[in-house]
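Take a look at the structure set out below.
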Amino acid sequence: MESTINILKYGNVEIAVADKGAELQSYKVNGEEFMWDRKPEFWAASSPVLFPFVGTIKNGAYSYNGKEYKISTRHGFARTEDFELVEKTENSLKFRFFSNNETLKKYPFEFELFITYTINGNALEIGYNVVNKNDSDMYFSLGTHPAFALDVNNDIKLSDYYLEFEKNETSKKYKLNEKGLVLDEKANCLNNENKLKITENVFDDDAIIFESLKSEKVAIKNSKNSKKLSVEYKGFPYVAFWSKSKAPFVCIEPWYGISDFENTSGKLEEKIGILKLEAGEEFFAKLVIEGKK
């Protein structure tokens, strides 16, 4: 079944969000598109939500309260589920997805997940709201994965693009094994600098993942014109960057949570980066995306 696409125009901004995964497919400012157009030969998504896990679960299984649960999909399951549009205002769209018999087989918690898109000036705020509907603690991760188009043409090459952090950073990046699990060792990456060049080979070893950066904002820029796209990710402990080889897009992925480590115990409550939400409590996170030409 084809997913319904919800279009919202407000001021200079127009967005399109699919019911499936409540996935942002278009964000235009003054007619200029900033989202990746989901060409399947590279990557057929544009902004999946990662819930209730980020990345890979080792061997596709984990345990909670002594019981084993199997989940073979990467990045949880919410991104392929149908969300319901529950509220629409002149400048916002709010979507809801909640636990059901199928989700409970692979993830033993009752929850509600809301994703709200709000146009504020030229910026787009994306709010994530997780509600624990259980009478006990709930363990989860939540990640974002928006993909932004890079205009590559006769004048602009992929290598003209770079990521610019708000502050100078000295940070190592996590190393991943071939199954996407995190290794204990890290690799040198940023050394008191605020730029990361985008090259054809920069993502050859999979995503570049940082933890606890000082910057709460990062921008995609290029050396040939003034077009830029910034993402503010206040509060997110991890941020990852990813693309396919030679693909004209880059993903900026702030995360609450991370793939399983290679040496994980497999117990959900011991998982590195996992969040714990008390009974009846709510969790909020927000991204602010802003494109400028």
Side-chain angles (χ1 to χ4, degrees), residues 21-24 43 45-64 69-81 83 97 99 103 106-109 111 113-115 126-132 137-147 171 173-184 186 203 205-213 216 218 231 233-244 250-277 283-287:
E23 183 172 17
L24 179 67
W43 191 55
S46 54
S47 184
V49 61
L50 317 183
F51 177 88
F53 302 116
V54 169
T56 304
I57 299 294
K58 186 178 179 182
N59 299 327
Y62 65 94
S63 66
Y64 178 68
Y69 296 88
K70 287 187 162 50
I71 180 160
S72 57
T73 51
R74 202 173 184 191
H75 294 319
F77 50 74
R79 64 199 166 98
T80 55
E81 299 283 354
F83 282 63
F97 172 65
S99 48
T103 68
K106 49 197 171 187
Y107 177 68
F109 301 100
F111 65 85
L113 170 61
F114 294 94
I115 303 179
I126 310 176
Y128 301 87
N129 174 208
V130 179
V131 185
N132 181 356
D137 294 339
M138 169 178 159
Y139 292 88
F140 72 98
S141 294
L142 176 97
T144 70
H145 204 308
S171 182
K173 63 175 183 176
Y174 279 104
K175 291 172 83 168
L176 304 172
N177 73 9
E178 66 285 351
K179 293 178 178 170
L181 300 174
V182 187
L183 304 174
D184 261 353
K186 289 181 172 182
F203 300 111
D205 298 325
D206 207 340
I208 294 173
I209 307 167
F210 298 112
E211 184 180 7
S212 304
L213 292 181
E216 294 179 325
V218 65
V231 178
Y233 52 90
K234 203 170 280 185
F236 284 83
Y238 302 93
V239 62
F241 303 94
W242 175 81
S243 187
K244 288 285 182 83
V250 67
C251 294
I252 297 177
E253 308 178 36
W255 297 341
Y256 278 92
I258 191 169
S259 271
D260 271 351
F261 278 65
E262 201 175 40
N263 59 1
T264 182
S265 71
K267 291 183 177 170
L268 186 60
E269 54 272 44
E270 294 175 1
K271 179 172 165 58
I272 290 174
I274 199 82
L275 297 178
K276 183 170 88 169
L277 195 57
F283 167 86
F284 294 94
K286 184 171 82 170
L287 286 190

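If you read the sequence from its start, that first residue is 1, and numbering goes on from there.
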What are the two closest heavy atoms between Phe77 and Pro52, and how far apart are they? CE2-CD, 3.4 Å
For the residue pair Tyr128 and Phe284, is the inter-centroid distance of their aromatic rings smaller than 6.0 Å? no
Looking at every non-hydrogen atom in both residues, tell me the closest pair between Glu253 and Trp242 and how far apart they are. OE2-CB, 3.3 Å
Find the distance between CG (Leu113) and CZ (Phe283) and round it off to the nearest 0.5 Å. 10.5 Å
What I'd like to find out is whether the side chain of Ile115 reaches to under 4.5 Å of the side chain of Ile126, using heavy atoms alone. yes
Looking only at atom types and distance, does a side-chain atom of Asn177 sit under 3.5 Å from a main-chain N or O of Lys179, one as donor and one as acceptor? yes
For Lys58, does its backbone N or O pair with a side-chain atom of Asp260 as donor and acceptor, under 3.5 Å? yes
Heavy-atom closest contact (Ile71 atom, Gly76 atom, distance): CD1-CA, 4.1 Å
Kindly compute the distance separating OG (Ser72) from NZ (Lys106), expressed to the nearest 0.5 Å. 7.5 Å
Evaluate Phe83 against Phe114 for ring pair (Phe, Tyr, Trp, His ring centres under 6.0 Å), listing each step before the verdict. CA-CA 9 Å; Phe83 282 63; Phe114 294 94; 9.3 Å; no
Is the distance from the ring center of His145 to that of Trp255 below 6.0 Å? no
What one should report as the nearest heavy-atom pair of Arg79 and Pro48 is CB-CB, 3.8 Å
For Ser47 and Glu23, which I'm curious about, is there any donor-acceptor pair between the side chains at under 3.5 Å? no
Where Tyr107 and Tyr62 come nearest, the two heavy atoms and their spacing: CA-OH, 3.3 Å
Of all heavy-atom pairs between Ser259 and Thr56, which one has the smallest distance, and what is that distance? OG-N, 2.8 Å
What do the steps show when you test Lys175 against Asp205 for salt bridge (charged side-chain N to carboxylate O under 4.0 Å, His left out), and what is the final call? CA-CA 8 Å; Lys175 291 172 83 168; Asp205 298 325; over 6 Å; no
CD1 (Ile208) and OG (Ser171) are apart, to the nearest 0.5 Å, by 11.0 Å
Kindly confirm or rule out a cation-pi arrangement of Lys186 over Tyr174, judged by NZ or CZ under 6.0 Å from the six-membered ring centre and within 45° of its axis? yes
With the side chain counted from C-beta on, respond yes when Ser46 and Leu24 share a heavy-atom pair under 4.5 Å apart, and no when they do not. no
How long is the span from the OH atom in Tyr69 to the CZ atom in Phe109, to the nearest 0.5 Å? 7.5 Å
Please examine the side chains of Val49 and Phe97, heavy atoms only from C-beta on, and report whether any two atoms are closer than 4.5 Å. no
Does Lys234 have any side chain to side chain donor-acceptor pair (under 3.5 Å) partners at least two apart in sequence or in another chain, and if so, which? none
Could you walk me through whether Leu275 and Leu277 satisfy the side chain to side chain contact (heavy atoms under 4.5 Å, CB included) test, starting with their C-alpha distance in whole Å, then the side-chain angles of each, then the deciding distance to 0.1 Å, before giving a yes or no? CA-CA 7 Å; Leu275 297 178; Leu277 195 57; over 6 Å; no
Is there a side chain to side chain contact (heavy atoms under 4.5 Å, CB included) between Thr264 and Ile272? Walk through the geometry before answering. CA-CA 8 Å; Thr264 182; Ile272 290 174; over 6 Å; no
Name the one of Leu213, Val54, Ile258 that satisfies side chain to side chain contact (heavy atoms under 4.5 Å, CB included) with Tyr238? Ile258
Show your reasoning for whether side chain to side chain contact (heavy atoms under 4.5 Å, CB included) applies to Phe210 and Lys173. CA-CA 5 Å; Phe210 298 112; Lys173 63 175 183 176; 4.1 Å; yes
Aromatic ring pairing Phe51/Phe140, orientation class (parallel under 30°, perpendicular over 60°, tilted between): tilted
What distance do Ser63 atom OG and Lys267 atom NZ have between them, rounded to the nearest 0.5 Å? 6.5 Å
Side chains of Phe53 and Leu268, heavy atoms from C-beta outward: is any pair under 4.5 Å? yes
Does some side-chain heavy atom of Ser141 sit less than 4.5 Å from a side-chain heavy atom of Leu50? no
Rounded to the nearest 0.5 Å, how far apart are OG of Ser99 and CE of Met138? 8.0 Å
My understanding is that only residues two or more places apart in sequence, or in another chain, count here; which of them pass side-chain contact (heavy atoms from CB on, under 4.5 Å) with Leu176? Val182, Asp206, Ile209
Decide side chain to side chain contact (heavy atoms under 4.5 Å, CB included) for Phe236 and Thr144; before the verdict, give the C-alpha distance in whole Å, the side-chain angles of both, and the deciding distance to 0.1 Å. CA-CA 10 Å; Phe236 284 83; Thr144 70; 4.2 Å; yes
